[in-house]
Chemist: 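Have a look at the structure that comes next, please.
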Amino acid sequence: LAYGHNTGMIKENEKDSSCPKVNLLEYDYPGLEKFVKELGEPPFRAMQVWQWIWQRMARDFEQMSNISKVCRAELAERAVIVWPEIERIQKSSDGTTKFLLRLADGEHVETVIIPSEGRDGKTRISQCLSCQVGCAMGCAFCATGQMGLIRNMTMGEILGQVLVARDYLDDRRLDWPILRNLVFMGMGEPLANLDNVLPALQVLNHDKGLNFSPRRITVSTCGLKNGLERLGESGLAFLAVSLHAPDQDLRSEIMPIAAKWPLDKMLDALASYPLKTRERITFEYLLLGGINDSPRHAKKLAALMGKVKGKLNLIVYNSSPGSVFNAPSEEAVLAFEKILWNHNITAIRRKSKGADIAAACGQLRAKFSRQQ
Ligand code: SF4
């Protein structure tokens, strides 16, 4: 199959190029309704197909048993349901599982599922989603940032990651899904691909589809000015912002593109970001050994956090073979936390998951590319 970038159109072969097939993952609900109407089918057919795609995870029209044979044949003639293919799976001793996915044009992206135990003792899974192949932001500590931007992922490709994970987990119960939370924290900068990320959030939110409420989705940005307002107005996800440095100079060094929007201006804009009741912005701070983990940095960060309303997550960097940066020592992390607490800043240390499988974004894809 040949694939047209960002169109969702798939041509079965060269000689049949006059009749491209559409990947139905690329349609939001109104789009699917229009498509089904063009086939001469009644409106309720769109809902049946929608539920087969998103709730029952059908990949073959023949599975759609409540749809007539004639309609199934017509759908198969005009459309396909194509998910990203699993190229590799790496499983960590802590249960974190990383997938290298091959998209229809041969590009690769990563997605990670991370288990945790709820207060009720039941396992919940969070999934880290990619939204671009590569990334233009060039963050110094990030393997994806080092490869540059190759292309945006389409809406269907973004959503396909969720179907792959649910299928892998055999997560078929809609009333109590195992896959509980989604975070856009994989490859790419979501605000740089909002034209695909926003429709994907709408599809995720559809109550007859995957039914992820906005409270179960977090979009993480390195702090891009463009798109922040659109995301806030949509109300379709929580916001996380990667700080990673407590001052403009250090931020410019390790996050060169993001830092073009000065830190103080970014924080001013975030002060008026629309939040729901009890919602707070999450700030992420990645502790890099010897770079941003000193008591001086902790004091500056405490002063910064005193000015904004938000939660602070501390993430301890996972060093892997070939990394330029080092993990911070446990003593440095403890001292850093203590300074924050002494300034009444609640910082939650996010446990490093999947350290043995290079779970940080872009690491598996980079390794795969080196082996090709
Ligand atoms: Fe892009 Fe995120 Fe990596 Fe920065 S950390 S380069 S924004 S993928």
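A quick note: this is a predicted structure, and the numbers were derived from the prediction, not measured. Order of appearance sets the numbers: ligands from 1, and atoms from 1 within every ligand. All values below come from the heavy atoms of this structure, side chains included, with hydrogens, waters and symmetry mates left out.
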Chemist: Where does the angle between the aromatic ring planes of His206 and Tyr29 fall among parallel (under 30°), tilted (30 to 60°) and perpendicular (over 60°)?
Modeler: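 Taking Tyr29 first and then His206, their aromatic rings sit tilted (interplane angle of 30° to 60°).
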Chemist: Within a distance under 4.0 Å of any heavy atom of Cys142, pick out the atoms of ligand 1 and give their elements.
Modeler: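 Result: 3 (Fe), 5 (S), 6 (S), 8 (S).
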Chemist: According to the salt bridge (Lys or Arg N to Asp or Glu O under 4.0 Å) rule, which pairs have a member within residues 320-332, sequence neighbours left out?
Modeler: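 Matches after skipping sequence neighbours: Glu330-Arg349.
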Chemist: Check ligand 1 against Gly188 and write out every atom of the ligand that is under 4.0 Å from a heavy-atom position of the residue.
Modeler: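 Every atom of ligand 1 under 4.0 Å from some heavy atom of Gly188: 8 (S).
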Chemist: Could you pull out all residues at least two apart from Arg56 that satisfy salt bridge (charged side-chain N to carboxylate O under 4.0 Å, His left out)?
Modeler: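 If we apply the salt bridge (charged side-chain N to carboxylate O under 4.0 Å, His left out) test to Arg56, skipping adjacent residues, there are no hits.
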Chemist: Please work out which of the three classes, parallel, tilted or perpendicular, describes the rings of Phe35 and Tyr27, given edges at 30° and 60°.
Modeler: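 Ring orientation, 0 to 90° scale: tilted.
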Chemist: Which part of Cys135 is near ligand 1, with near meaning a heavy atom under 4.0 Å away: side chain, backbone, both or neither?
Modeler: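 Under 4.0 Å from ligand 1, Cys135 contributes side-chain atoms alone.
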Chemist: Measuring to atom 3 (Fe) of ligand 1, does Cys222 have an N/O/S atom at a distance below 2.8 Å?
Modeler: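 No - counting backbone and side chain alike, Cys222 has no N, O or S atom under 2.8 Å.
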